[in-house]
Enquirer: 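Before I ask anything, here is the structure I am working with.
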Amino acid sequence: MRTPFVAGNWKMNPPSVAEAEALASALVAEIDGIDGVTCVVCPPFVALPAVAGALTGSAIGVGAQNAHPETKGAFTGEVPLGMLTGLCGYVIVGHSERRQLFGETDAFITAKVGAVLATGLTPILCVGETLDERDSHRAEAVVRRQVSAALAVVDAGQAGSVVIAYEPVWAIGTGRAATPDIAQEMCAFVRSEAAASLGSNAADAVPVLYGGSVNPGNVDSLAAQPDIDGALVGGASLVAPDFAAIVRAFSST
Ligand code: PGA
């Protein structure tokens, strides 16, 4: 049995540290008491200490949205994993916005996955196809390539420390979530690809999340799918009652 996992990707929101701290405090009030779900929020780097402070004593974990695979060096604007240990337990790796807007390649993302694991943190690896790739029947090939590249540096024994989020690019921030059937089919495909890399016992331990326009209105039909273990939530994670409703939906699955 995998514990359901719901993560909030705050992206470059809210606009100030004070507001990030207030959102974290609001989440504590809304989410504490919901059992049986691993719940994590991923604020921008500078807000991590304030958000971690606001969440101290709660069951909500903290993650970063990115990290550089090198331990130090001439990488202007980047943040080393050594500054994240002790502050957070998770790092989002390979989000489609990083792939598309910042040119991150499979090889770079693979290096990040290895570095995050070596630091003792849990990568939340994002994979997913664009609309053009789906329309030209390449969705599975793209996701296969992304999963197998990233898991090349993962041992079967580390499978319990990896989370994978299937996030079709066409569903992110568009209000157009994947249908439960597509989300289920692709999350099952992600698990089968994880099994090809790690073996099926190890792959059974990996939470596979769906992400892309998850909201309180569509979460029940997604959470009902057997291969969707949780959600990676963008926009709705910025509204405390909405995020709590999504967490609650997975607590009963
Ligand atoms: P969204 O974002 O929920 O706003 O679509 C999801 C994500 O980018 O992780």
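Just so it is clear, the values below take in all heavy atoms, side chains as well, and ignore hydrogens, waters and symmetry mates. When a ligand or atom number is given, it counts from 1 through the structure's own listing order.
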Enquirer: Which Ile, Leu, Val, Met, Phe, Trp or Tyr residues join L101 in one cluster when any pair of side-chain heavy atoms under 4.5 Å counts as a link?
Expert: F102

Enquirer: At a heavy-atom distance under 4.0 Å, which protein residues reach ligand 1? Sort them by chain and number, would you?
Expert: N9, K11, H95, E167, A171, I172, G173, G212, S213, L232, V233, G234, G235

Enquirer: Would you check if there is a donor-acceptor pair between the side chains of Q158 and S161 at a distance under 3.5 Å?
Expert: no

Enquirer: Suppose the criterion is ring pair (Phe, Tyr, Trp, His ring centres under 6.0 Å): which pairs have a residue in residues 139-195, not counting sequence neighbours?
Expert: none

Enquirer: Sort and list the pairs that fulfil ring pair (Phe, Tyr, Trp, His ring centres under 6.0 Å) and have at least one residue in residues 15-42, not counting sequence neighbours.
Expert: none

Enquirer: Would you confirm whether N9, through its side chain, and K11, through its main-chain N or O, come within 3.5 Å as a donor-acceptor pair?
Expert: yes

Enquirer: Using atom types as modelled and distance alone, determine if a side-chain donor or acceptor of R2 lies under 3.5 Å from a backbone N or O of V208.
Expert: no

